[in-house]
2 protein chains.
Amino acid sequence: MTETDARAAGSGRRRPARERLLAAAARRFYADGVTATGIDTITAEAGVAKMSLYNNFSSKADLVRAYLDARHEEWLALYRSRLERAEGPRDGVLAVFDAYADHAESAYEHGFRGCGLLNAAAELPAGDEGRTVVRRHKEEVERLIAGHLEHLLPERPNDARTLAEHLSFLLEGATARAGLEGDGSRLQHARAMAAALLDSL
Amino acid sequence: MTETDARAAGSGRRRPARERLLAAAARRFYADGVTATGIDTITAEAGVAKMSLYNNFSSKADLVRAYLDARHEEWLALYRSRLERAEGPRDGVLAVFDAYADHAESAYEHGFRGCGLLNAAAELPAGDEGRTVVRRHKEEVERLIAGHLEHLLPERPNDARTLAEHLSFLLEGATARAGLEGDGSRLQHARAMAAALLDSL
DNA sequence: TCGTAACTAGACAGATCTGTACAGTCAGTG
DNA sequence: CACTGACTGTACAGATCTGTCTAGTTACGA
């Protein structure tokens with residue numbers, strides 16, 4: 001580990017401006033919304049000069065794109081961690097649900113508020129590429145479920161595809177409802193529904 | 001019908017400022033988001049003086065509340081219209097799905113963008129009462145489904161409740177995905193899934 | 001015909017927004 | 001020691017935001 005890495009990890013000295021900005025943006029964008037959060041709020045919370053933002057990102061829109069990418073990667077990390085402990089395709093499907101539940105259990109400033117990507121997409125204008133990022137994220141989640149189901153139903157690819165769509169709707173709907181209610185119990189219900197569907201195959 | 005009503009209906013002269021403002025707010029809030037839409041944009045699109053807005057609403061937040069209430073009422077009207085043509089509790093459940101599909105088929109400036117209430121909630125700060133309005137709307141939808149299922153499963157109230165939650169998740173998730181993709185086909189899939197679940201009872 | 005209520009056009013205050021400019025600090029490296 | 005690159009603090013431009021104020025118009029009903 002180099003000196004620079006040690007600092008980046010926060011052991012000796014403070015983390016570089018880019019990391020602090022992304023962390024602050026993640027908190028404020030999620031809690032207060034993208035449009036309602038100003039540049040000054042983010043730099044103040046990051047403890048960083050405004051010029052450090054524009055040295056690392058070309059505009060606020062660029063920071064928003066980095067925020068969306070980071071949320072997608074963050075979810076993938078939760079999923080992969082759950083997948084390591086999974087045994088067989090049934091556990092694989094449930095790992096997707098568990099990854100969202102893990103997300104909901106994270107410590108948030110103002111409680112769970114649903115999927116950060118979907119919330120951001122709701123604010124983005126019609127043609128914004130950020131909406132495509134979010135759409136692709138949701139399609140990847142459905143594809144991951146479908147991949148597990150293909151192993152579970154090798155003789156019935158059509159059923160596997162339909163069931164994957166069904167399960168991805170369940171997950172998405174439960175996340176939205178959990179966000180409105182501020183806690184993750186709806187996600188536990190959805191996981192139980194998914195498990196019951198898998199057992200009835 | 002009085003003279004005033006005739007004018008309000010748009011036959012002889014222009015509609016009153018409040019109606020024009022609510023219609024303009026509905027278009028802009030849905031297409032561009034609540035925070036990103038300014039007062040001046042709304043009054044310009046309504047073809048109304050700015051003071052007419054503040055004569056009818058105490059603030060922008062007040063207009064947002066009226067917008068949320070109007071979206072809820074609008075959906076209820078679609079649902080009741082579908083319910084009139086329904087025969088029996090099975091049709092009643094599907095009427096809820098059809099009401100959302102009707103919503104998706106409405107002519108929107110920039111295509112379907114999901115549930116306007118959920119999108120608005122994503123922008124509202126943590127404690128805002130608007131989030132409670134949206135939460136209660138979703139709970140009412142689930143309750144309507146549950147009411148039909150109680151008639152379908154009079155001996156199994158627990159199953160009826162669980163299935164209602166399941167169906168409401170399906171509907172919510174399909175709406176979110178349809179909003180990201182800009183058309184209503186995901187909602188048709190969800191309706192078919194719901195019908196299959198009802199047939200398997 | 002007169003009063004009233006709804007509405008209009010535009011200026012305005014004061015705050016806040018994104019993005020830029022600039023001069024200076026500080027740590028590590030050749 | 002001199003140089004480099006990241007970072008700071010503050011001031012600023014220019015646009016845009018919500019909300020207020022005022023003076024004038026228009027239409028209808030008693």
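Source: prediction; values computed, not measured. So that the names make sense, note that chain A is the first sequence line, chain B the second, and so on, each numbered from 1.
By the 30° and 60° cut-offs, the orientation of the rings of B:H166 relative to A:H166 is perpendicular. A tilted orientation is assigned to the rings of B:W75 and B:Y100, their planes being inclined by 30° to 60°.
Atom C1' of nucleotide D:dC7 and atom CZ of A:R15 are separated by 16 Å, given to the nearest angstrom. We find that CG of B:L63 is positioned 10 Å from P of D:dT18, with the value rounded to whole Å. One atom, CG of A:N56, and another, P of D:dG5, lie 15 Å apart when rounded to the nearest Å. Atom NZ in A:K60 sits roughly 13 Å away from atom C1' in C:dG19 (whole-Å rounding).
The ring-ring contact (aromatic ring centres under 6.0 Å, His included) pairs that include a residue from residues 23-69 of chain A are A:F29-A:Y67, A:Y30-A:Y108, where partners are two or more places apart or lie in different chains. For the side chain to side chain donor-acceptor pair (under 3.5 Å) condition, the pairs that include at least one residue of residues 176-200 of chain B, sequence neighbours left out, are A:E142-B:R177, A:E142-B:R186, A:E165-B:R186, A:E165-B:H189, A:S168-B:R177, B:R90-B:D199, B:D98-B:R191, B:E181-B:R186, B:D183-B:S185. Contacts classified as side chain to side chain donor-acceptor pair (under 3.5 Å) and involving residues 119-132 of chain B (residues at least two apart or in different chains) are given here: B:T35-B:E123. For residues 43-56 of chain B, every residue pair satisfying the salt bridge (Lys or Arg N to Asp or Glu O under 4.0 Å) rule, not counting sequence neighbours, is listed here: B:R27-B:E45, B:R28-B:E45, B:D40-B:K50.
Residues passing the side-chain contact (heavy atoms from CB on, under 4.5 Å) test with A:D159, sequence neighbours excluded: A:L153, A:R156. For the ring pair (Phe, Tyr, Trp, His ring centres under 6.0 Å) test, no residue two or more places apart in sequence or in another chain qualifies with B:F97. A:D91 pairs by the side-chain contact (heavy atoms from CB on, under 4.5 Å) definition with A:A86, A:E87, not counting sequence neighbours. Residues passing the side-chain contact (heavy atoms from CB on, under 4.5 Å) test with A:A61, sequence neighbours excluded: A:S59, A:R65.
When the local axes at the two ends of the helix from C:dT1-D:dA30 to C:dG30-D:dC1 are compared, using 5 base pairs at each end, they differ in direction by 0° after rounding to 10°.
Closest approach of A:A194 and A:L94 over heavy atoms only: CB-CD2, 4.2 Å.
Side-chain N or O atoms of A:T43 include one that pairs as donor or acceptor with a backbone N or O of A:I39 at under 3.5 Å.
With rounding to the nearest 0.5 angstrom, the NE2 atom of B:H148 is 6.0 Å from the CG atom of B:L144.
Within residues 47-55 of chain A, the residues having any heavy atom closer than 4.0 Å to DNA chain C are, in order of number, A:K50, A:M51, A:Y54. Listed by residue number, there are no residues of residues 33-46 of chain B with a heavy-atom contact under 4.0 Å to DNA chain C.
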Protein-nucleotides 14-16 of chain D N/O pairs closer than 3.5 Å?
none

